[in-house]
Amino acid sequence: MLVPAGSGDLYEKRKGVYPKAVDGFYRRLKWAIMAATLVIYWGTPWIRWDRGPYAPDQAVLVDLAHRRFYMFAIEIWPHEFYYVAGLLIMAGIGLFLVTSAVGRAWCGYACPQTVWTDLFQHVERFIDGDRNAQIRLANAPWSADKLARRLVKWQVWLLISFLTGGAWIFYFADAPTLQRAFWTGTAAPVAYAATGVLTATTFVLGGFMREQVCIYMCPWPRIQTAMLDEKSLVVTYRNWRGEKRGSVKKAAAHPGEFGDCIDCDQCVAVCPTGIDIRNGPQIGCITCALCIDACDKVMEQVGRPRGLIDYCTEDDANRERQGGVPRPILQSLLRPRTIGYLCVWTGIGLAMLFALGARTRVDISAQQDRNPIFVRLSDGAIRNAYTVKLRNMEARPRPMEVRVDGLQGAVLWTDAMARDQAMPVIAAMVPADSVARLRIFVAAPAQAPGAARQDFRFTVRATDREGGHDAEPARFERPQ
Ligand code: SF4
Ligand code: SF4
């Protein structure tokens with residue numbers, strides 16, 4: 001936080017945050033989501049998916065060397081990158097949808113920074129003890145015990161960081177093969193470099209920077225303010241019920257003077273970003289709801305109704321303040337804005353599914369030779385030359401035929417054929433999961449009705465049982 005000029009330091013000194021352990025519904029939900037996200041992250045590269053002998057059997061693989069992205073039954077080629085773009089757009093709209101409905105649920109439960117920080121804090125509690133023991137240890141002078149605890153903690157953090165950074169590289173190569181190569185020192189240098197960088201960043205961000213990433217580094221808290229509105233669910237302190245704060249003893253001595261908040265500070269003690277939600281909505285609140293668990297427990301202990309801190313919309317807060325009752329939660333979740341996001345999200349998803357289902361697994365592209373543009377043959381016909389690429393996106397070799405449409409009297413041959421073998425159709429066997437590059441000559445009569453330039457189309461057709469076809473526009477040039 002910036003401080004006024006002339007006051008000395010430019011930035012406020014960071015106050016250590018030592019969140020206290022808490023139990024409750026939202027804590028257990030966070031455990032479940034943490035377990036699921038970690039299992040997905042660490043386990044996904046090890047899932048096998050049989051694609052036959054010509055393609056890798058890793059279910060999710062970004063194969064940079066062969067420029068392919070595999071995701072279970074789906075294989076994306078470089079020219080189909082719009083599917084990846086579509087997925088990213090869906091992820092963005094999904095975030096908008098979640099934020100406008102339930103605030104920063106992503107930040108509080110599933111963001112990698114939250115998940116790994118939570119994991120590191122759990123390790124910290126296991127080694128150093130809970131909040132009070134951590135504060136005592138942090139303030140204590142260096143001793144053999146403190147040094148030993150620090151070394152053990154940092155080693156465990158480092159191990160988790162290494163497993164995190166190490167798992168990332170398995171998404172880019174066959175995991176079992178890369179693992180063997182990694183440990184025998186024969187993996188590509190980039191694998192060691194990526195593991196090193198990701199280990200270091202996980203160690204620093206999860207172990208030391210923690211809430212500072214959420215408060216100062218991440219742009220999402222700023223963007224989300226545009227996503228939230230008065231009907232979004234956010235963690236709210238019911239100040240109309242909680243104020244004036246006072247202990248149970250004071251409240252008993254002065255009936256009617258104090259609210260339900262007993263000023264125990266348990267909501268602050270459990271907060272992973274160290275904020276006091278009683279001061280109202282803040283950019284530091286990641287909506288993890290741990291303060292709800294803490295306060296509910298306190299309310300149970302002092303025999304008062306739960307929900308002094310709760311998920312609540314601003315609209316409902318105003319309604320309650322004036323003595324009204326909150327609306328049903330479904331009414332807050334389903335409103336024109338969230339329905340709009342949901343429709344766009346679903347529409348893009350369905351369009352992508354339809355496109356994936358309808359796409360042909362053969363593809364053709366053609367590029368014309370520019371020098372010379374045309375050649376006059378001894379029989380008077382005109383010849384143009386093209387580099388034609390036939391793409392077979394199936395994991396098996398496929399027979400294909402190439403022909404031209406819209407160019408009367410045209411015949412074709414390749415540089416592996418003689419001129420007198422020219423035919424209207426060329427057959428080619430394209431290896432599995434690859435591109436066949438053909439140099440194709442096209443000859444057509446010198447005289448044709450219309451302009452010297454004539455548009456036509458190369459078409460390719462797979463001639464096996466599954467079939468499939470594609471076409472590519474091209475141009476035939478004659479002397480003027
Ligand atoms: S935990 Fe509840 S009762 Fe205790 S200070 Fe926070 S809001 Fe008040
Ligand atoms: S104020 Fe509550 S919901 Fe917000 S970050 Fe702190 S504990 Fe989580």
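Just follow the structure's listing: the first ligand is 1, and inside any ligand the first atom is 1. In what follows, every heavy atom counts, from backbone to side chain, and hydrogens, waters and symmetry copies are set aside.
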Parallel, tilted or perpendicular for Trp157 and Phe120, by the 30°/60° rule?
-> parallel
Quick note on ligand 2: atoms under 4.0 Å from a heavy atom of Cys271 include exactly 1 (S), 5 (S), 6 (Fe), 7 (S)
Arg245 contact mode with ligand 1 (heavy-atom cut-off under 4.0 Å) = neither
Could you find the nearest protein heavy atom to atom 2 (Fe) of ligand 1 and give me its residue, atom name and distance?
-> Cys295 SG, 2.4 Å
Report, as yes or no, whether the 6.0 Å neighbourhood of atom CZ on Arg67 holds more than 12 heavy atoms from other residues, nucleotides or ligands.
-> no
Which ligand 1 atoms, with their elements, are less than 4.0 angstrom from a heavy-atom of Cys261?
-> 3 (S), 5 (S), 7 (S), 8 (Fe)
Find all atoms of ligand 2 within a distance of less than 4.0 Å from any non-hydrogen atom belonging to Ile286, and give their numbers and elements.
-> 4 (Fe), 5 (S)
Within a radius of less than 6.0 Å around CD of Gln367, do more than 12 heavy atoms belonging to other residues, nucleotides or ligands occur?
-> no
Nearest-contact summary for atom 3 (S) of ligand 1 - protein heavy atom, Å | Ile262 N, 3.5 Å
Check each atom of ligand 2 against the heavy atoms of Ala289 and keep those under 4.0 Å away; list them by number with element.
-> 3 (S), 8 (Fe)
In this structure, are over 12 heavy atoms from other groups packed under 6.0 Å from Phe354 atom CZ?
-> no
Proximity winner for atom 7 (S) of ligand 2, if only heavy atoms of Cys288, Pro281, Gly103, Gly274 are counted = Cys288
Contact between Thr273 and ligand 2, counting heavy atoms under 4.0 Å?
-> yes
Can you list the atoms of ligand 1 that are under 4.0 Å from a heavy atom of Met299?
-> 3 (S)
Can you list the atoms of ligand 1 that are under 4.0 Å from a heavy atom of Ile309?
-> 7 (S)
Can an N, O or S atom be found in Cys291 less than 2.8 Å away from atom 2 (Fe) of ligand 2?
-> yes
In ligand 1, which numbered atoms sit nearer than 4.0 Å to a non-hydrogen atom of Arg278?
-> 5 (S), 7 (S)
What is the nearest protein non-hydrogen atom to atom 4 (Fe) of ligand 1, stated with its residue, atom name and distance?
-> Cys264 SG, 2.3 Å
With a cut-off of 4.0 Å, which atoms of ligand 2 are near a heavy atom of Ile277?
-> 1 (S)
For ligand 2, which atoms, with element, lie under 4.0 Å from some heavy atom of Thr287?
-> 3 (S), 4 (Fe)
Does a side-chain N-to-carboxylate-O contact under 4.0 Å join Arg51 and Asp433?
-> no
Determine whether more than 12 heavy atoms belonging to other residues, nucleotides or ligands lie under 6.0 Å from atom CG of Leu151.
-> yes
Check against side chain to side chain contact (heavy atoms under 4.5 Å, CB included), Thr202 and Ile160 | CA-CA 8 Å; Thr202 308; Ile160 295 171; 5.6 Å; no
Would you call the rings of Tyr341 and Phe96 parallel, tilted or perpendicular if under 30° counts as parallel and over 60° as perpendicular?
-> tilted
Atom 6 (Fe) of ligand 1 [closest protein heavy-atom partner, distance rounded to 0.1 Å] = Cys267 SG, 2.3 Å
Could you see which bit of Asp265 sits under 4.0 Å from ligand 1, with heavy atoms only: side chain, backbone, both or neither?
-> backbone
Between His79 and Trp77, what is the ring plane arrangement, given parallel below 30°, perpendicular above 60°, and tilted in between?
-> perpendicular
Quiz item: cation-pi between Arg238 and Trp240, 6.0 Å / 45° = no
Do Trp116 and Thr164 have side-chain N/O donor and acceptor atoms under 3.5 Å apart?
-> yes
